[in-house]
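In this chain, residues are counted from 1 in sequence order. This one's a predicted model, so the numbers in the text were calculated from it and none came from an experiment.
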Amino acid sequence: MNEDHQVAMIDILNSMGVSVNNHIQMLSVHTEGCYIKADERLVFVTFRRECRAMDDIRVELVKLTKLARKSA
């Protein structure tokens with residue numbers, strides 16, 4: 001996610017009102033969401049539903065990215 005999906009993480013953060021210059025790193029993923037380090041800030045991105053498996057997390061991140069791009 002970190003190297004291949006920088007733009008997706010920026011889009012998600014921007015949709016949350018978090019402006020980002022260019023230093024983004026997903027630090028951890030939990031059933032409820034994920035922590036992304038954006039420049040010098042730590043942001044928790046809440047999933048729309050609880051995720052129990054890695055496939056659930058992937059699907060949820062794709063949904064969040066699509067929603068973010070749709071609302072831009």
Value for CZ (Arg69) from OG (Ser15), rounded to nearest 0.5 Å, stands at 10.5 Å
### Side-chain heavy-atom pair Thr65, Lys70 within 4.5 angstrom cut-off
no
Nearest heavy-atom approach of Ser71 to Ala68 is OG-O, 3.1 Å
Value for CZ (Arg49) from CD (Glu32), rounded to nearest 0.5 Å, stands at 13.0 Å
Just wondering, do Leu61 and Phe47 contact through their side chains at under 4.5 Å, heavy atoms?
yes
Residue set satisfying side chain to side chain contact (heavy atoms under 4.5 Å, CB included) with Val18, at least two apart, ordered chain then number -> Leu13, Met16, Val20, Arg41, Val43
Single-linkage hydrophobic cluster Val62~Met54, side-chain heavy atoms < 4.5 angstrom: no
*asked:* Check this for me, if you would: do Arg52 and Glu50 make a salt bridge, where the nitrogen-to-carboxylate-oxygen distance has to be below 4.0 angstrom?
replied: yes
Has the side chain of Asp39 got a donor or acceptor atom that lies under 3.5 Å from a matching backbone atom of Asn21? yes
CG (Leu67) and CG (Asp11) are apart, to the nearest 0.5 Å, by 11.5 Å
Value for CD (Glu60) from OG1 (Thr31), rounded to nearest 0.5 Å, stands at 11.5 Å
- Would you say Lys63 and Arg48 make side-chain contact, with heavy atoms under 4.5 Å? no
Contact check, side chains of Ile36 and Gln25, non-hydrogen atoms, under 4.5 Å:
no
CA sep, side-chain torsions, deciding dist, call: Tyr35, His30, ring pair (Phe, Tyr, Trp, His ring centres under 6.0 Å) = CA-CA 8 Å; Tyr35 283 99; His30 306 275; 5.7 Å; yes
Taking the side chain as every heavy atom from C-beta outward, state whether Met26 and Met9 have any pair of such atoms under 4.5 Å apart. yes
Exactly one candidate in Ile12, Leu27, Ile57, Val29 meets side-chain contact (heavy atoms from CB on, under 4.5 Å) with Cys34; the answer is Val29
